[in-house]
Amino acid sequence: MDNLLPRKSLFVYTICLLTLIPITKGDFPPFFSLDCRDPALNTTSTYAPNSTYKTNLNTLFSALSSHSNNASNGFYNFTAGTSPPDIAYGLFLCRGDISTPRCRDCVVNTTQNVVEWCPRSKRVTVWLEECMLRYSDEYIFARQDRGFIGVFRNNWTVTNKTHFNEVLGEVMDDIAHRTSRDVSSKKFATAQVNYSPLETLYGLAQCTPDISDFDCNTCLRACISTLPSCCDARQGAIIRFPSCNVRYETYPFYNASFGAAPPPPMAVLRPPPPPTTTTTTSSPGNGGVSWQVIAAFVASIGVVVMLLIAGFCFLTKRAKKKHNSVEEDLDNVGADILKVQSLQYDLGTIEAATNNFSNDNKIGEGGFGLVYKGLLPDGQEVAVKRLSQTSGQGAQEFKNEVLLVAKLQHRNLI
């Protein structure tokens with residue numbers, strides 16, 4: 001559970017992190033993010049130059065570098081050593097659109113330089129533009145980790161902020177949904193949308209393939225929720241956690257042939273039916289249609305008329321029955337609404353109970369929107385569901401749920 005929340009200790013050693021702004025020093029590549037512990041502040045997470053952990057770390061680097069040659073999904077993890085605290089757990093993740101040779105070059109370069117960037121640290125996460133390397137003396141596999149965040153943002157802003165944010169929200173929601181359900185084992189997705197006649201927005205999302213679909217979606221949503229506070233109206237931004245990352249730009253920055261949304265299925269065109277040949281028999285000397293054809297035509301018209309009459313009668317009867325049912329339902333709804341009114345709380349009370357719908361109070365997400373933990377003035381703990389503006393549900397569905405709550409009359413529901 002600790003891995004799901006930002007570590008408080010992170011603020012102690014933030015001074016040594018190079019994460020919140022792009023690094024321009026020549027020794028570091030572009031879009032470089034680094035998380036390592038300061039040996040002077042935390043001696044328990046450091047190792048001696050000739051220690052067993054250092055030997056295991058060298059073995060780990062060798063294994064990661066060699067497997068970067070054939071990692072089909074751009075991901076690999078490895079464990080070096082058998083006895084704590086000298087076990088070294090490590091993994092790499094390459095961006096889903098790059099080729100295997102580029103993945104290998106990025107991983108090899110990182111393993112060769114990371115010790116210089118983070119000397120003697122046992123717990124390191126380093127991001128480059130095309131790959132991420134992570135190692136630790138603690139188990140890090142198949143666990144969502146949002147304890148470290150790296151942020152980059154473009155210095156330029158967009159002109160139509162409201163429209164841009166609407167399109168960005170749609171793009172981020174789409175790629176988060178497709179990434180967490182990616183069946184290619186990469187957990188990677190991209191998207192591009194024209195937000196003006198001449199401008200295109202490009203988005204990318206990725207999770208480490210070892211975490212579950214649910215954890216992937218949760219991690220990506222946390223990345224996306226950071227965008228308004230750090231990068232509002234910026235033309236581009238990158239948000240990185242150890243387990244996932246998102247990026248968007250107003251220029252193409254990835255290979256569009258990987259991770260894009262699949263095209264809609266093509267309509268299957270059925271072959272036209274073979275032409276039918278009707279043979280008519282004419283009476284000798286009349287030069288017209290036979291009486292059999294005329295009789296069949298008249299009979300067909302009669303059948304059609306009868307069907308129309310029967311259908312009209314059926315629909316009339318059904319409409320009358322539905323009208324009576326609606327009147328009964330309205331009477332029932334009226335009675336239910338009286339119950340609901342007795343359970344109403346004003347918005348100010350709900351905002352105070354949930355700390356103004358604070359992210360710290362968020363405990364889940366339902367069909368209508370987010371669910372928050374709240375504390376009423378009398379000390380009662382409650383869960384508050386807030387209807388999302390982007391929800392596919394409407395006021396009627398929300399009303400039905402409120403009526404259901406009114407009928408339940410449960411002490412833990414408001």
Side-chain angles (χ1 to χ4, degrees), residues 1-10 12-13 16-17 19 33-94 103-104 106-128 131-150 185 187 206-212 215-216 219 240-245:
M1 190 66 181
D2 293 339
N3 288 336
L4 300 181
L5 300 173
R7 300 189 186 96
K8 293 182 179 179
S9 61
L10 178 65
V12 176
Y13 57 85
C16 71
L17 303 185
T19 59
S33 302
L34 183 65
D35 173 28
C36 58
R37 311 295 174 92
D38 187 342
L41 298 178
N42 193 341
T43 56
T44 61
S45 62
T46 60
Y47 61 88
N50 297 323
S51 64
T52 303
Y53 184 85
K54 172 60 176 174
T55 302
N56 291 336
L57 191 60
N58 291 337
T59 303
L60 174 67
F61 290 159
S62 177
L64 295 178
S65 297
S66 62
H67 282 85
S68 63
N69 286 312
N70 52 17
S72 59
N73 62 346
F75 173 82
Y76 182 74
N77 56 25
F78 185 79
T79 302
T82 57
S83 302
D86 297 319
I87 301 177
Y89 304 94
L91 60 84
F92 70 77
L93 174 70
C94 290
C103 175
R104 179 197 61 229
C106 185
V107 172
V108 171
N109 176 65
T110 306
T111 57
Q112 291 175 348
N113 292 280
V114 66
V115 173
E116 181 180 351
W117 298 332
C118 280
R120 298 194 300 115
S121 178
K122 285 186 176 182
R123 302 165 190 172
V124 174
T125 302
V126 56
W127 279 98
L128 281 71
C131 71
M132 180 263 286
L133 176 70
R134 186 181 179 200
Y135 59 89
S136 175
D137 61 334
E138 296 180 338
Y139 190 80
I140 58 174
F141 306 144
R143 295 179 178 179
Q144 181 196 168
D145 190 338
R146 292 186 279 135
F148 156 73
I149 181 172
S185 76
K187 279 191 167 55
Q206 187 173 18
C207 295
T208 56
D210 59 330
I211 65 175
S212 67
D215 284 347
C216 176
C219 186
R240 291 166 170 165
F241 286 122
S243 296
C244 68
N245 69 97

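The analysis underlying the following values was restricted to heavy atoms, covering all of them including side chains, and did not include hydrogens, waters or symmetry mates. Starting from 1, each residue takes its place in the sequence as its number. Since we're looking at a predicted model, the values are computed, not measured.
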Measuring from atom [atom1] of [X] to atom [atom2] of [Y], what distance do you get when rounded to the nearest 0.5 angstrom?
| X | Y | atom1 | atom2 | value |
| --- | --- | --- | --- | --- |
| C219 | R146 | SG | CZ | 6.5 Å |
| K54 | T59 | NZ | OG1 | 10.5 Å |
| N56 | D137 | CG | CG | 11.0 Å |
| S68 | N109 | OG | CG | 11.5 Å |

Check: Is N50 atom CG crowded by more than 12 heavy atoms from other residues, nucleotides or ligands, each under 6.0 Å away?
Finding: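 At most 12 heavy atoms, drawn from other residues, nucleotides or ligands, come within 6.0 Å of this atom.
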Minimum heavy-atom distance [X]-[Y], with the two atoms named:
| X | Y | value |
| --- | --- | --- |
| A63 | S66 | O-OG, 3.0 Å |
| M132 | P242 | CE-O, 3.2 Å |
| F141 | Y139 | O-CE2, 3.2 Å |
| L34 | C118 | CD1-SG, 3.6 Å |

Item checked: Test: C106-C94 SG spacing under 2.5 Å ->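 No disulfide here.
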Notebook entry, point to check: Do C216 and C244 have their SG atoms under 2.5 angstrom apart?
Noted result: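 Unbridged: C216 and C244.
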Note to self: What I'd like to find out is whether the side chain of R120 reaches to under 4.5 Å of the side chain of V115, using heavy atoms alone.
What the structure shows: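 No, every pair of side-chain atoms sits at 4.5 Å or beyond.
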Item checked: 4.5 Å side-chain heavy-atom contact, L128 and V126 ->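 Yes, side chains in contact.
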Note to self: Using a 6.0 Å distance limit plus a 45 degree cone around the ring axis, check whether K122 lies over the aromatic ring of Y53.
What the structure shows: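 Here K122 passes the 6.0 Å and 45° test against Y53.
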Next item on the list: Please identify each residue that fulfils side chain to side chain contact (heavy atoms under 4.5 Å, CB included) with S62, with sequence neighbours left out.
Entry: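 S62 satisfies side chain to side chain contact (heavy atoms under 4.5 Å, CB included) with no residue once adjacent residues are dropped.
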With sequence neighbours excluded, what pairs up with [X] under the side-chain hydrogen bond (donor to acceptor under 3.5 Å, both in side chains) test?
| X | result |
| --- | --- |
| T125 | none |
| T208 | D210 |
| S136 | none |

Next item on the list: Start with the C-alpha gap between S45 and R123, add the side-chain angles, then the distance that decides, and say whether side chain to side chain donor-acceptor pair (under 3.5 Å) holds.
Entry: CA-CA 7 Å; S45 62; R123 302 165 190 172; 5.1 Å; no
Item checked: Step-by-step side chain to side chain contact (heavy atoms under 4.5 Å, CB included) determination, T110 to W117 -> CA-CA 10 Å; T110 306; W117 298 332; 4.2 Å; yes
Item checked: Residues forming a ring-ring contact (aromatic ring centres under 6.0 Å, His included) with F241, sequence neighbours excluded ->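 In terms of ring-ring contact (aromatic ring centres under 6.0 Å, His included), with neighbours along the sequence ignored, F241 is linked to no residue.
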Check: Between R134 and D145, is the closest basic N to carboxylate O distance under 4.0 Å?
Finding: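 Salt bridge present between D145 and R134.
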Check: Which is it for L64 and Y135 under the side chain to side chain contact (heavy atoms under 4.5 Å, CB included) test, yes or no, and what are the steps along the way?
Finding: CA-CA 11 Å; L64 295 178; Y135 59 89; over 6 Å; no
Check: Would a distance-only check, ignoring hydrogens and angles, find a side-chain to backbone donor-acceptor pair under 3.5 Å from D215 to I211?
Finding: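 No, the answer is negative, given that no donor and acceptor are paired below the 3.5 Å cut-off.
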If you look only at distance, which donor and acceptor atoms sit under 3.5 Å apart when one is on a side chain in residues 72-93 and the other is two or more places apart or in another chain?
from: N73; atom 1: OD1; to: F75; atom 2: N; distance (Å): 3.3
from: N73; atom 1: ND2; to: S185; atom 2: O; distance (Å): 3.3
from: Y76; atom 1: OH; to: H67; atom 2: NE2; distance (Å): 3.3

